[in-house]
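Side chains included, hydrogens not; waters and symmetry mates left out as well; all remaining heavy atoms used.
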Amino acid sequence: MRVCGIEIKGSEAILCLMTLKDGLFDLPECRQTRLALSNDKDAESLQKFQFNLAKLVEDYKIEQLVIKERPQKGKFAGGAVGFKIEAAIQLINSCPSQILSGNAIKEKLKQHPLPVDFKDTGLKGFQETAFIIAYAFLAK
């Protein structure tokens, strides 16, 4: 199964592709490590963001989008732009999406610790959370 872990930060979606086949995890190359929403007040910008992500899903044959949940209230609450991004992702018809809570991710990592140190993956540092989200979803 090929999934895309997504962390939403500010006006960006940070991406990490991961596959699980025959019990082996793989990190395929991807042309995009992040997608930005340039102008959240413009419907055309939001549609372009959604189109670009849908095209990525199609090109890389992604079977599942997994988004890290962000609180709606409190000190660490997500912003309005982030929730627009989240909605645009969830409304992509060609691929199912799921939101994983921080607690669910922690539980999965307790049951199935990361088999490799993040520094050894070859991914960029800002992709670490997206990597962990994808791994937590696939680890069963």
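One N or O on the side chain of Gln127 and one on the backbone of Lys124 form a donor-acceptor pair closer than 3.5 Å. Between the side chain of Lys108 and the main chain of Ala139, a donor-acceptor pair closer than 3.5 Å is present. Side-chain N or O atoms of Lys84 include none that pairs as donor or acceptor with a backbone N or O of Leu46 at under 3.5 Å.
Here the side chains of Leu114 and Phe131 are in contact, with some heavy-atom distance below 4.5 Å.
Note that CD1 of Ile14 is 7.5 Å distant from OG1 of Thr129, once rounded to the nearest 0.5 Å. The distance from the CD1 atom of Ile133 to the SG atom of Cys16 is 9.0 Å, given to the nearest 0.5 Å. Of the inter-residue distances, the one linking Glu7 atom CD with Ile67 atom CD1 reads 12.0 Å to the nearest 0.5 angstrom. Between atom OH of residue Tyr135 and atom CZ of residue Phe118 there is a gap of 14.5 Å, rounded to the nearest 0.5 Å. Once rounded to the nearest 0.5 Å, the distance linking NZ of Lys55 with OH of Tyr60 reads 11.0 Å. Here the CD1-CD distance, from Ile99 to Gln90, works out to 4.0 Å after rounding to the nearest 0.5 Å.
Considering every non-hydrogen atom in both Pro28 and Leu17, the closest pair reads CD-O, 3.7 Å. Heavy-atom minimum distance, Phe137 versus Met1: CE2-SD, 3.9 Å. Across all their heavy atoms, Cys95 and Glu63 have their closest contact at SG-C, 3.6 Å. Here the shortest heavy-atom pairing between Arg70 and Ile8 reads CD-O, 3.6 Å. Counting all heavy atoms, side chain and backbone alike, Phe49 lies closest to Ile89 at CE2-CG1, 4.2 Å. Considering all non-hydrogen atoms of both residues, Asn39 and Ser45 come closest at O-CB, 3.2 Å.
A single hydrophobic cluster is seen to contain both Phe25 and Leu109, as judged by linkage of ILVMFWY side chains at heavy-atom distances under 4.5 Å, directly or through other members. Hydrophobic clustering places Ile6 together with Ile62 (ILVMFWY residues linked when any side-chain heavy atoms are closer than 4.5 Å, directly or through intermediates). No continuous path of hydrophobic side-chain contacts links Leu20 to Leu65 [ILVMFWY only; heavy atoms under 4.5 Å]. Leu56 is connected to Leu37 through a chain of hydrophobic side-chain contacts under 4.5 Å among Ile, Leu, Val, Met, Phe, Trp and Tyr, so both are in one cluster.
Counting non-hydrogen atoms of other residues, nucleotides and ligands closer than 6.0 Å to CZ of Phe51 gives a total of 12 or fewer. Counted within 6.0 Å of CD on Gln72, heavy atoms from surrounding residues, nucleotides or ligands total 12 or fewer; the atom is thus considered open.
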Inset, instruction - Could you give me the CA-CA distance, side-chain angles and deciding distance for Gln32 and Leu15, then say whether side-chain contact (heavy atoms from CB on, under 4.5 Å) is met? - result: CA-CA 7 Å; Gln32 251 2 111; Leu15 313 171; 4.3 Å; yes
Inset, instruction - Decide yes or no on side-chain contact (heavy atoms from CB on, under 4.5 Å) for Glu107 and Asn103, but give the supporting numbers first. - result: CA-CA 6 Å; Glu107 285 300 314; Asn103 288 339; 5.6 Å; no
Inset, instruction - Carefully, step by step, assess Leu123 and Glu128 under the rule side-chain contact (heavy atoms from CB on, under 4.5 Å). - result: CA-CA 8 Å; Leu123 297 172; Glu128 184 170 8; over 6 Å; no
